[in-house]
Amino acid sequence: MTIETAAPSGAVHVDLLSKLNPEQRAAVTAGDGPLLIFAGAGTGKTRVLTHRIAWLIQQGRAQPGEVLAVTFTNKAAREMRGRVEQLLNLSATAVWMGTFHAIAARILRRDGSAAGIDRRFVIYDEGDRLNSVKRVMGELRLDEKRYSPGAFVQAISHAKDELQGASEFAQAAGTHMEELAAQVYARYEAFLQGNNALDFDDLLLRTVRLLREQGEVLEKYQRRFKYVMVDEYQDTNRAQYVMVQLLAQSHRNLAVVGDDDQSIYQFRGADVRNILSFERDYPEARVVKLERNYRSTQTILDAAYHVIRHNPNRADKRLWTDRGAGARVVVAQTYDEQEEALAVAHEALRLVAQGDVRLADVAVLYRTNAQSRALEEVLLRRGVPYRLIGGPRFYERREVRDVLAYLRLTANPRDSLSFSRVINVPRRKLGEKSLAQLGFFADAHGQTPWEALSRVGEMTELASSAARSLEAFRELIEELRQAASSRRLVEVIDLLLGRTGYERYLTETGSDAQERWANVLELRGLASEYDGLPPGEGLQAFLEEVSLMSDVDTLEERPQGLTLITLHMVKGLEFPVVFMLGMEEGLFPHSRSFDSPTGLEEERRLAYVGMTRARDRLYLFHAFRRHLWGNAQLNLPSRFLADLPPDLVDAPAGIPAGVPVSDQAPAQVIEAARPSIALKVTQRYHQGDNVEHRSWGRGRVLKSTLTRTDEELIVKFDKVGVKILAVSLAPIVKL
DNA sequence: TAGCCCAAAATTTTT
DNA sequence: TTTTGGGCTA
């Protein structure tokens, strides 16, 4: 079937439907009314979403500005926009496409004033939120040792997810803890208000409130969005659910895409029931199931199915493919996590040597971040390149937050959190007393610290040196504000870095100054993307983007080595080869999930998500013995392994065989890593060459030997001594 | 104000 | 077991 219709002006006629399978086509061309699309892993979900948007526009059913598409990550939104533009061959900037939070922020900036929201609000992230709670606890004289600030943060966040305001929360409070939390909540709200700040949850909560209470605003958006689309609907929480419902209410053209089997964020408020009861919410809904998978082998799909099928309360569906059976799933036991890591390295390198995959095609998945350490140690020692996803986040690094705090203060001087972050960074010789003076004065006059700053002269108790410092700080921020309104964002940042002597500050205070400075420069680089915007707008736009950005969004497109990643973060990605480690009772499923059936169901879904990441090969490892917090424990194989039909499984006796268990000899290339197929080898290094290794630093080549399949180097490193390396595997460069 | 020492915590974390 | 953060001391 080919449909050619008049496309919007300037667009090329594109046949949108010919490359879709029947189910995908049905979903794309479903007419008006609610639409539920069950899109299993690897079934072309994004393709359906983007084609539907393009189709709606091409058919003239909607103007680009009348379509709203909501995702959970910026990455997904970006991809979607790019693909729609490609399909339509025109800019899709008019389409409202973004994360829940970004869309909410946009609505609040435009129309929040109707509900008393200052459009210049800043967005407080996780860290800011914790700091705010700590402050509030200080005000309430709550001892941080007795009461965990984190617990309050969680309670507040959870309440907001459920659209529960501070007063409702207080009313519902029963226990002593809840009453305390209610007090903290109320004060926290006041604190944020005073700082003109909203936290992540507020973006959703306040948008819902705005839409509910301001009829004309609601009407405006309802009229505007003829078609609403939601990605990953199984992960929506209460606030998101209501927000979508409100926006789509009038046209009722709500299309949701998701997979209940991949709902893994229950602990953050996601509610699978939102997708499972869609048909009850919208009895007239059309339902399409995408079950044809384009990613994995049938063996992998069947194995995953036999794990997930044990969950009650799931929509019935089963993935299939015409890619053929492929290799069996490999289940293997190792002695401990050391050997487990060695087995991964061993097998991954063997596959690479065979020639059909690159290291970058291999992902290693685990339940808890702590598991990555054993892996890293082994990979480092073996010189196997890898990238670890997770770990210290870019936007949570001290230096990045410092610079951002300056910028945030520049944009919004009322932000007292940012104020106190940078008032004495770099050191301005302001002691505790002086700052207390300032705070006291501000409180007494009902002013923010920034406002108080212009009245330094009135603070009689202030030492004159401190007064001068404060005055200088005020002038600095004023200067930045001036610059922000007339110059490019990068110039503002340069000005701030120059005036504060931030680089010098880094070198004077820390050992890792170089790395930190590099991060600052990276942030500066990100900011340069806003150079095109008129002065004044760049700063706002940059801060908005940065506060709504996560690390997955900056995930490298072209990885270099093995990928080490948690099961949660791997959702949405795919790899030709997948190793899942720690398939043991107590670790996966995690012991914390044992006491509730829903917890176990979520673990099972997590297993399903992990398994369906694999295209061609899937390895499930479990260790006989595992070190956890100092002591070793013996774990039984995960119950998920028992669910696999024997005929899908290969359990080779020899997976870890031949791998030395506690081999301390550094930098010996694993025996099996030597390619067994003859490769063309040419000598690239010679005695005396200077090289740099990613983790061992600089060194000099003592000897280079050509083997049948590789070039072997003996290198004397400045810092770590003599090592033996295989050129094909070691992360080295010639200098 | 920096550095040191001791104690506590270690499931997952789209914004 | 290891890391991290906070508090105390020099």
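Numbered from 1 within each chain, the chains take letters A, B, ... in sequence-line order.
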Q) Using a cut-off of less than 4.0 Å, is there contact between a side-chain N or O of Lys134(A) and OP1 or OP2 of dG6(C)? A) yes
Q) For the residue pair Phe38(A) and Phe278(A), is the inter-centroid distance of their aromatic rings smaller than 6.0 Å? A) no
Q. Does a donor on one side chain sit under 3.5 Å from an acceptor on the other, for Tyr608(A) and Asn311(A)?
A. no
Q: Calculate the interatomic distance between Arg592(A) atom CZ and dT11(B) atom P; express it in whole Å.
A: 5 Å
Q: Would you check if Phe267(A) stacks with the base of dT12(B), given a 5.5 Å centroid limit and a 30° plane limit, both strict?
A: yes
Q: Write down the distance between CD (Glu232(A)) and P (dT13(B)), rounded to a whole number of angstrom.
A: 16 Å
Q | Interatomic distance, Tyr265(A) OH vs dT14(B) P [rounded to whole Å] | A | 6 Å
Q) Looking at His568(A) versus Tyr265(A), is the centre-to-centre ring distance below 6.0 Å? A) yes
Q) Which label fits dT11(B), syn or anti, where anti is any glycosidic angle not within 90° of 0? A) syn
(Q) Any base atoms under 4.0 Å from Glu545(A), or only sugar-phosphate, or nothing? Heavy atoms, all strands. (A) nothing
Q: For dT2(C) and dT13(B), measure between their P atoms and round to the nearest Å.
A: 23 Å
(Q) Under a 3.5 Å threshold, yes or no: a donor from one side chain and an acceptor from the other, between Asp199(A) and Tyr188(A)? (A) yes
**Q.** Any Asn369(A) side-chain N or O less than 4.0 Å from OP1/OP2 of dT12(B)
**A.** yes
**Q.** Length of the line joining Gln371(A):CD and dT12(B):P, which is rounded to integer Å
**A.** 9 Å
**Q.** Ring centroids of His590(A) and dT11(B) base under 5.5 Å with planes under 30°
**A.** yes
Q: Can you label the angle between the Phe419(A) ring and the Phe473(A) ring as parallel, tilted or perpendicular, going by 30° and 60°?
A: perpendicular
Q.
From CD of Glu126(A) over to P of dT14(B), roughly how many Å is that when rounded to an integer?
A. 9 Å
Q) Can you tell me if the side-chain N/O atoms of Thr566(A) get under 4.0 Å from OP1 or OP2 in dT13(B)? A) yes
(Q) Between P on dT14(B) and CZ on Arg605(A), what's the gap in Å once rounded to a whole number? (A) 18 Å
Q. If you measure from the C1' atom in dA10(B) to the same atom in dG5(C), how many Å do you get, rounded?
A. 14 Å
Q | Atom pair distance, as rounded to whole Å: OH in Tyr608(A) and P in dT12(B) | A | 24 Å
**Q.** Nearest-Å distance for atom pair CD/P, residues Gln633(A) and dT1(C)
**A.** 15 Å
Q.
For dT13(B), give the paired nucleotide (Watson-Crick: N1-N3 plus N6-O4 or O6-N4; G-U: N1-O2 and O6-N3; both under 3.5 Å), or none.
A. none
